[in-house]
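Step one of this worksheet: look at the structure below.
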Amino acid sequence: MATDFINAFRRLQTHERGRALQDLTAELSTYEWRALHAATSSRTFQFDVIGSLPVELVAQIFCLLDPATPYRLQSVSKRWRDTLRSLHVLKASLNQWYQGTVNLQDAEYALCKKKARDIHAFRTGKPSRIYKIIPKYDSDESLLPSNPIYDFKLVGSSLIWHHVFHRDVTPSRSACVLDLDTWHLRVLGGEAREQIMNVFASSEIVVLTTYANVCYVHELRGKQGCKKFRVPNRNYLKNVSCRGRTVACVAYVDHHTSVYIWEYDSQRGRTFEIRHESGNIFLDPR
C-alpha cells in the first residue's frame with residue numbers, strides 16, 4: 001500500500017505535488033506531526049554549488065558575475081577558497097571581460113587580482129584608493145588658496161605636482177611624485193632647498209628648475225638621488241623640454257637662439273646657436 005502511494009505521488013506534476021502535500025499535512029495527527037518534524041530536521045537541504053561542481057563549471061558560473069566576486073567569496077570556507085583561487089576560474093572571468101584582447105596565459109594570481117580590482121572600480125565608478133591633496137589657505141578666511149596646486153602632470157602612472165607662486169607667498173621648495181601603481185609618494189627638491197620655478201617630466205626623469213638657475217634632475221622611478229646642472233641665466237629656464245633622459249633649455253636673445261642640451265647619464269652638456277637670419281624659421285622667435 002505504501003509503495004502504491006509513493007508511486008502515485010511521483011506521477012503527479014509539480015504543482016499537483018505541492019497541493020497534495022498541503023492536503024496530506026492537514027490529515028496528520030499530533031504524533032504524526034512530531035514524527036515528520038524529526039525526520040525533516042535530521043536532513044539538510046543545502047547544496048554547496050562551489051564545493052560540489054567541477055572547477056570548469058564553477059568557472060562558467062563566475063564568467064557571468066563581476067570579476068571581483070571570486071575574491072570576495074573566498075572567505076566563505078576553505079573549500080571555496082581553494083576552488084576560487086584556481087587560476088582557471090579567475091582567468092575565465094577576466095577573459096569574459098577582455099574578450100580576448102589581453103593575453104592572460106602567463107598571468108599569476110597577484111596580476112589577476114589587480115586586474116579584477118581595476119575592472120570592478122571601473123564598472124562601479126568607485127576609485128580603488130583616494131589621495132587627498134590639501135593646499136594652503138590665506139589667513140583672512142577668504143577661502144582662497146594662497147599657494148594653489150594646479151600644475152598637475154600625469155606621466156605614465158606617476159602623478160606629479162607642486163605649489164605655484166601666487167601673490168606674496170614664497171614658492172614651493174619641493175615637488176611631489178605619486179606612483180599610482182604602488183601608491184608610494186616621493187618628495188623631490190634641491191640640495192639647498194632652492195625655490196622651484198617649474199617642473200618638467202619625461203617617461204624617465206623629473207626636472208626641477210629653480211630661481212637660482214640650477215636644474216635638479218631626478219629619476220622618475222628607481223634611485224632616490226638626483227643630478228644637477230646650471231644654466232648661464234634665467235632665460236634658459238623659460239623654455240625647457242625633456243625626453244627620455246635628455247633635457248633641452250632654450251634661450252632667445254637679440255640675434256640668435258641658444259640651445260643647451262644636457263644628458264642625465266653622462267652629466268655632460270653642449271650648446272649650439274641658431275642665427276636669426278633672413279629665411280630662417282627663427283627670424284622673429286618672440
Side-chain angles (χ1 to χ4, degrees), residues 1-132 157 178-184:
M1 183 67 67
T3 303
D4 295 338
F5 175 80
I6 295 174
N7 291 332
F9 184 79
R10 289 174 176 171
R11 290 192 294 269
L12 295 175
Q13 300 294 326
T14 302
H15 65 282
E16 294 175 338
R17 288 164 66 100
R19 188 181 308 159
L21 287 175
Q22 293 179 356
D23 295 340
L24 179 62
T25 54
E27 299 296 328
L28 296 178
S29 64
T30 302
Y31 173 79
E32 292 168 338
W33 260 111
R34 292 175 181 174
L36 177 63
H37 179 71
T40 55
S41 298
S42 62
R43 296 182 57 187
T44 175
F45 297 95
Q46 297 178 351
F47 176 69
D48 185 0
V49 62
I50 302 300
S52 302
L53 293 178
V55 67
E56 291 80 8
L57 292 180
V58 175
Q60 291 299 316
I61 293 174
F62 280 90
C63 281
L64 306 176
L65 305 177
D66 188 289
T69 303
Y71 303 91
R72 294 199 303 269
L73 297 182
Q74 289 178 16
S75 59
V76 172
S77 67
K78 184 179 183 301
R79 193 169 186 176
W80 279 44
R81 179 179 181 274
D82 293 340
T83 301
L84 297 182
R85 282 182 65 91
S86 167
L87 289 176
H88 188 84
V89 175
L90 303 180
K91 291 180 181 180
S93 180
L94 292 173
N95 284 327
Q96 181 70 17
W97 168 264
Y98 286 115
Q99 295 292 319
T101 59
V102 175
N103 184 7
L104 298 172
Q105 181 177 357
D106 298 326
E108 298 180 350
Y109 178 83
L111 178 60
C112 292
K113 185 175 182 179
K114 180 182 181 303
K115 289 187 175 294
R117 183 173 61 245
D118 294 341
I119 294 170
H120 177 73
F122 175 79
R123 294 181 64 178
T124 59
K126 298 178 181 179
S128 57
R129 293 185 180 180
I130 297 176
Y131 188 91
K132 189 174 183 180
S157 59
L178 179 63
D179 190 328
L180 299 178
D181 288 333
T182 62
W183 221 245
H184 175 65

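Position 1 is the first residue of the sequence; numbering continues from there.
With contacts defined as side-chain heavy-atom distances shorter than 4.5 Å, the pair Trp97/Val102 does not qualify.
Annotation: Glu108, atom CD; neighbour count of heavy atoms from other residues, nucleotides and ligands within 6.0 Å does not exceed 12.
Note: Leu28 CG to Arg34 CZ = 13.0 Å, rounded to the nearest 0.5 Å. Rounding to the nearest 0.5 Å places CD of Gln105 at 7.5 Å from NZ of Lys91. Within the model, atoms CG of Asn103 and OH of Tyr98 stand 12.0 Å from one another, a figure rounded to the nearest 0.5 Å. If you take OG1 on Thr69 and CG on Leu73, they are separated by 6.5 Å, rounding to the nearest 0.5 Å. Annotation: the span from Lys115 atom NZ to Leu94 atom CG amounts to 8.0 Å, rounded to 0.5 Å. Taken to the nearest 0.5 Å, the CH2 atom of Trp183 stands 11.0 Å off from the OG atom of Ser157.
In plain terms, the two heavy atoms of Ala59 and Ala92 that are nearest each other are CB-CB, 3.9 Å. The two residues Cys112 and Ala107 have their closest heavy-atom pair at SG-CB, 4.0 Å. The two residues Tyr71 and Lys113 have their closest heavy-atom pair at OH-N, 3.3 Å. Across all non-hydrogen atoms, the minimal contact from Thr25 to Trp33 is O-NE1, 3.7 Å. Here the closest heavy-atom approach between residue Arg81 and residue Gln74 is recorded as CB-O, 3.3 Å. Residues Gln96 and Cys63 share a closest heavy-atom pair of CG-O, 3.4 Å.
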Exercise for review: List the steps and the verdict of side chain to side chain contact (heavy atoms under 4.5 Å, CB included) for Val58 and Leu84.
Suggested key: CA-CA 8 Å; Val58 175; Leu84 297 182; 4.1 Å; yes

Stepwise salt bridge (charged side-chain N to carboxylate O under 4.0 Å, His left out) test for Arg19 and Asp23: CA-CA 6 Å; Arg19 188 181 308 159; Asp23 295 340; over 6 Å; no

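Remark: of the listed residues Asn95, Asp118, Leu90, Ile119, Ile119 is the sole one forming a side-chain contact (heavy atoms from CB on, under 4.5 Å) with Pro67.
Side chain to side chain, Asp179 and His184 fail the donor-acceptor criterion of an N or O pair below 3.5 Å.
A donor-acceptor pair under 3.5 Å is absent between the side-chain atoms of Gln60 and the main chain of Leu57, judged by distance alone.
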